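What follows is a short report on a single structure.
Labels below follow one simple rule: chain letters A, B, ... track the order of the sequence lines, proteins then strands, and each chain is numbered from 1. Just so we're clear, the structure is a prediction, and the values are computed from it rather than from any experiment.
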Amino acid sequence: MFQAVSKPAIIEVAVPCPLRRSFDYLLTGKETHAPQPGQRVLVPFGNRRLVAVIIALKTQSEHQKLKPIIELLDAETPSLSAQQLALGQWAAQYYHHPIGDCLQQMLPVNLRKPGPAEARPSPDDCWQLCADWQSKEAPANRAKQQLALLDAFVQAPQHRLNREQLTELGFKRPLLNELIKRDLVEAVASVGITNTAETPPTLNAEQSHVVDAVTAKLGQFSRFLLEGITGSGKTEVYLRLIHAALQQGKQALVLVPEIGLTPQTLERFERRFPAQVASLHSGMSDNERLKNWLAVRQGDTPILLGTRSAILADLPKLGLIIVDEEHDPSYKQQDGWRYSARDIAVKRAADNHCPVVLGSATPSLDSLFNVERGRYALLQLRQRAGDAKPPAIQLLDIRRQNLHEGLSTPLLENIGQTVAKGQQALIFLNRRGFAPTLQCHGCGWIAQCGNCDARLTVHYRRQTLKCHHCDATAAMPYQCPDCGDDHWLFEGPGTERLEMLLQQQFPNTPVYRIDRDTMNRQGDVENRVEEIRRGGAGIIIGTQMLAKGHHFPNVTLVGIVDMDAGLFSADFRVVERSAQLLVQVAGRAGRAELAGRVLIQTHCPEHPALQTLLKQDYRRFAQQQLAERQRLQQPPASYCAVLRSDAVRLQRAEEFLQQLASALRPHAKGIQMMGPLPAPMTRRAGRFRCSLILQTPNRAKLHQLLSLATQAGDRIKKSSDLRWSIDVDPIELF
DNA sequence: AGCACGCCGACT
DNA sequence: GTCGGCGTGCTC
């Protein structure tokens, strides 16, 4: 017999290395199952063994001496589905990032090392008969499978079976779900979660309209921006949409910002959809992540709720994507493969012919621009639940004012009046620690970080100096190292200092501080928020940790200590970000019977952006900003990428980008090139950083140039300590 | 990214 | 005479 000539004996793989190309290997012919794209494979690479991903099968190779693979790691089912593989390949091109690294990041950590694609069974993978199962309606006689499974539970010791045993007995998850639905069986480890779905509340007219509009588009690609003010019931809309998708037999993917995935959020979803929600977030073990990742892929779980990287998971029946707080910067990965989960969500919706809903109270300018261009349909929720009124915003001009640790007299008086009424005040300051600067009163010496162009922050209680840009920590000195004087000046306010001041001023009022220094462990914030909600008069001090998600019904006064830092910056996105932060912080306050007030301390009350925000009009602010961006041809009115470099010596970093810029310039017609410029805080963690900014209205041209940049960048001779990277659609310019 | 190979300084 | 510094080049 002839050997079939087309039998693929060679595989093309992506290896987890920063190399922008693939490698070919020989199959041994002794594989126990058929190789398929997406499967993991152990290969010899140099003198190492690496877990690579098959991207194609071939019959021949350009390369002469191929090595044979060591073994196929996936039995049958590839770790990455065809759709994921295609997504990874698309993303590698779009973000100009090495394919091997992209595919590696799409795999759960446990699958990045050799071993089978299985999760260890864990205790919460156990189910038992409900105590009152006999009083419940049994499955119909013709539901033979269900009866068999029920019988297996009755026979089992303690009436319990775990996942492993169920698999052994040949029972599949959907069948188990049937028994769970009938209240015959429940998960063992789940404490305090009822297994009956709660009854959804009634929707108001606005909510119904939104639900109808999106539901009508299930099954086709459609993009929505859902602009819903704080407290307008966005989450309820999401739950209804998910329900509609599930009814059509589809799966739903919900993305939330990094710190938005609190136990409360998860519980809210689980109450509505018992045993149907899997989650992926940073607080879980690698094994748990793998377990949920697999559950969603196998279709056992129809809902995936997760943070940024959840957009990379496989949902074979994906029918709806929701991105909550779509403006949140945590959707953009800030190192390595700098992808935007929000943007990939839109791409996946297109691939899956399904709707994507981007929700926010303060939509990003990118999304508003897409509404303007008619790409996204705009849906709005303007009504606050219970008719709560938006808070009144007022500026406090603090020029030449006496400040007490950063607080003006009027703000202090207002805090006093608020707590006297038994209400709560929330003071927002985006600077943790006691004081941002330590200065010697004798000679003017200032404590600087040895590794960064930054001052050290004083942490009073711990008597330490910390750098907030690297991990440098030092003991608070007794004497000035320059002149020996021991009189110190603590300059500027920090949250720790405000806490001490306010506790002193209001000794009978509880003062709560919420920042990275006081909230160490998972769940600390939730516990503290719960305590505040139950409490009466009180003062809450916090950084941007406060701005997201949590609502404080007893807060009637919000004070913004320092607005000015967010108004002026070389980076045009800083103003957008601080406006969003302001609106979000303001949204923490007030309810129907207690209208809230927001007081903003500033040295520049005439600033146009502030004046617009003052009128409660985020949308008008956004329109003004958009007009400005269009005038200056800045994103989203143009496309942008940043090439960055860093090295131990500034000259090395600069030189590299200069050479890269020269190599690109002849091909950069119609593309604005700015730089290379040292970043505003050039030295950080002992390295100097530079940026070269590219901007053009022509996306195709930008990507052509970036392709050239990857080639040129690899060719240019570099000192060994030089690192460089490409950031497509950056959210920070430097 | 790793890891080896390679050519120049201070140690047994 | 070697141990080891990190420059540079490759990985199917």
Would you please confirm or rule out a distance under 4.0 Å between OP1 or OP2 of [N] and any side-chain N or O of [X]?
X	N	result
A:Asn47	B:dA4	yes
A:Lys65	C:dC12	no
A:Arg48	B:dC3	no

Give the rounded distance in Å between these two atoms: [atom1] of [X] and [atom2] of [N].
X	N	atom1	atom2	result
A:Arg20	C:dC10	CZ	P	18 Å
A:Ile70	C:dC12	CD1	P	11 Å
A:Ile99	B:dA1	CD1	P	18 Å
A:Lys718	C:dG7	NZ	C1'	14 Å
A:Asp721	C:dG7	CG	P	9 Å

Problem set entry | Closest approach of A:Glu12 to A:Lys58 (non-hydrogen atoms, all atoms of both residues) | OE1-CE, 3.3 Å

For this session: Compare every heavy atom of A:Ala117 with every heavy atom of A:Leu111, then report the nearest pair and how far apart it is.
Result: CD2-CA, 3.5 Å

How would you label the contact of [X] with the nucleic acid (heavy atoms, under 4.0 Å): base, sugar-phosphate, or nothing?
X	result
A:Arg21	base
A:Tyr25	sugar-phosphate
A:Pro16	nothing
A:Leu26	nothing

Problem set entry | CG on A:Leu660 to CG on A:Leu643, rounded to 0.5 Å | 5.5 Å

Seminar exercise, completed: Ranking B:dA1, C:dC6, C:dC12 by distance to the side chain of A:Ser720, first place goes to C:dC6

For this session: Please check if the side chain of A:Lys717 supplies one atom and the backbone of A:Arg715 the other of a donor-acceptor pair under 3.5 Å.
Result: no

